[in-house]
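Quantities reported herein were computed from a predicted structural model and do not represent experimental measurements. We count residues from 1, following the sequence as given.
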Amino acid sequence: MIRVKHTVLGTASAVLLTTLVGCGSSGTEPGALSVDRLVSLSDEFAKDGAGTCPLPYDVAEAAEEAGLGEGIEPGAAGAEASEPHATAEGGKTTDPQSAWAGKAGAWITCSYHVGGEDLDVHTVGTEAGNAVNVLLPTTQKAAGMSVDETKAYWEKTDKAKPGVPVPSKGGNVVTVRLDSGGKGDVALLLTVGEDDKSKLEPEQVLELARTFASQAE
């Protein structure tokens, strides 16, 4: 499968992430999107990614629910048609250089664009630890948060019940913890635009995340 390099945190943020890893609870109700399923899907990815998102996200329905004036199109804004629309890392990797080596989990990113802005749906599942923690570097970068703001956002997200969306201050980033079926932890991160800014209204981004989360259950 393709190996994707996600954002690397600065020293202070890395210390924060290390402190938070292992904290938090996981969903306990049965759900369709389990860690095992994410690992299985990740292992099926071709080396250069996939042309379609393998997860059950209906972007047409999400766009309608959010009241968008235009549709959500596959692929990053300005991307070539040959570029992958979805990437994955983790799975049953034996690569010693991978952060997932020896761990059961996966990170699948489905890329779209709307109104010239990138819209990414990140879905992470981990058998041990907290999926929200894994997403923190990407969350921090997309929301333009400081270390203190990242910590406060993590605390709020970790306390949220599965299915409840938690938006960033500017509203362009939303995290939703998902039911994992009682095994491990699964979370969805939606990012639109960058640096805590988007052409979409915060409520529209929130509704998109809420709809994607409902589709994943």
Side-chain angles (χ1 to χ4, degrees), residues 6-7 9-10 12-13 16-17 20 24 27 33 53 55 57-79 85-86 107-124 130-179 185-217:
H6 288 289
T7 307
L9 285 173
S13 297
L16 169 63
L17 179 57
L20 296 180
L33 197 53
C53 180
L55 292 165
Y57 300 135
D58 186 334
V59 295
E61 178 186 9
E64 182 178 356
E65 291 294 329
L68 301 187
E70 53 191 311
I72 299 173
E73 301 297 330
H85 297 163
W107 181 330
I108 296 177
T109 300
C110 296
S111 299
Y112 306 93
H113 64 274
V114 56
E117 288 188 314
D118 287 336
L119 184 158
D120 292 322
V121 184
H122 304 274
T123 311
V124 166
N130 187 313
V132 172
N133 292 348
V134 179
L135 289 161
L136 272 183
T138 299
T139 305
Q140 183 188 37
K141 182 174 186 291
M145 294 188 290
S146 67
V147 173
D148 288 342
E149 289 171 333
T150 301
K151 181 179 179 181
Y153 182 80
W154 174 86
E155 291 174 344
K156 186 175 181 180
T157 303
D158 189 59
K159 293 176 182 178
K161 294 181 179 179
V164 177
V166 180
S168 62
K169 184 178 180 180
N172 78 313
V173 170
V174 181
T175 302
V176 189
R177 295 179 58 242
L178 304 175
D179 286 333
D185 198 40
V186 180
L188 177 153
L189 171 67
L190 173 66
T191 65
V192 186
E194 57 185 358
D195 295 329
D196 214 20
K197 297 181 180 66
S198 171
K199 296 176 184 177
L200 300 184
E201 295 294 329
E203 185 57 40
Q204 290 179 309
V205 181
L206 190 67
E207 189 58 43
L208 286 172
R210 186 180 290 117
T211 302
F212 286 135
S214 69
Q215 294 169 347
E217 294 177 347

Do any N or O atoms from the side chain of [X] and from the backbone of [Y] form a donor-acceptor pair under 3.5 angstrom?
X	Y	answer
Gln215	Asp58	yes
Tyr153	Val166	yes
Asp120	Thr191	no
His85	Tyr112	no
Asp118	Ser111	no
Asp195	Lys197	no

Open item on the list: Walk me through whether Glu207 and Gln204 qualify under side-chain contact (heavy atoms from CB on, under 4.5 Å).
Closed with: CA-CA 5 Å; Glu207 189 58 43; Gln204 290 179 309; 5.8 Å; no
Which atom names give the shortest non-hydrogen contact between [X] and [Y], and what distance separates them?
X	Y	answer
Pro202	Gly170	CG-O, 3.8 Å
Val114	Gly71	CG2-O, 3.9 Å
Glu117	Leu200	OE1-N, 4.1 Å
Ala213	Leu178	CB-CD2, 3.8 Å
Ala143	Asn172	CA-OD1, 4.0 Å

Open item on the list: Does the plane of the ring in Phe212 sit parallel, tilted or perpendicular to the ring in Tyr57? Use 30° and 60° as the thresholds.
Closed with: perpendicular
TODO: Using the side-chain contact (heavy atoms from CB on, under 4.5 Å) rule, pick out the option among Leu208, Leu188, Val205, Val176 that qualifies with Pro165.
DONE: Val176
Task: Distance-only donor-acceptor check, side chains Glu61 and Thr211, under 3.5 Å - done: no
Task: Distance-only polar pair, side chains of Ser168 and Asp196, donor-acceptor under 3.5 Å - done: yes
Atom [atom1] in [X], atom [atom2] in [Y]: separation rounded to 0.5 Å?
X	Y	atom1	atom2	result
Asp158	Arg177	CG	CZ	6.0 Å
Glu203	Arg210	CD	CZ	6.0 Å
Asn130	Asp185	CG	CG	5.0 Å

TODO: Decide yes or no on side-chain contact (heavy atoms from CB on, under 4.5 Å) for Val173 and Leu189, but give the supporting numbers first.
DONE: CA-CA 7 Å; Val173 170; Leu189 171 67; 3.5 Å; yes
Open item on the list: Does Leu33 form a side-chain contact (heavy atoms from CB on, under 4.5 Å) with Leu55? I'd like the steps, not just the answer.
Closed with: CA-CA 9 Å; Leu33 197 53; Leu55 292 165; 3.7 Å; yes
Task: Check: Leu190 and Leu119 side chains under 4.5 Å, non-hydrogen atoms - done: yes
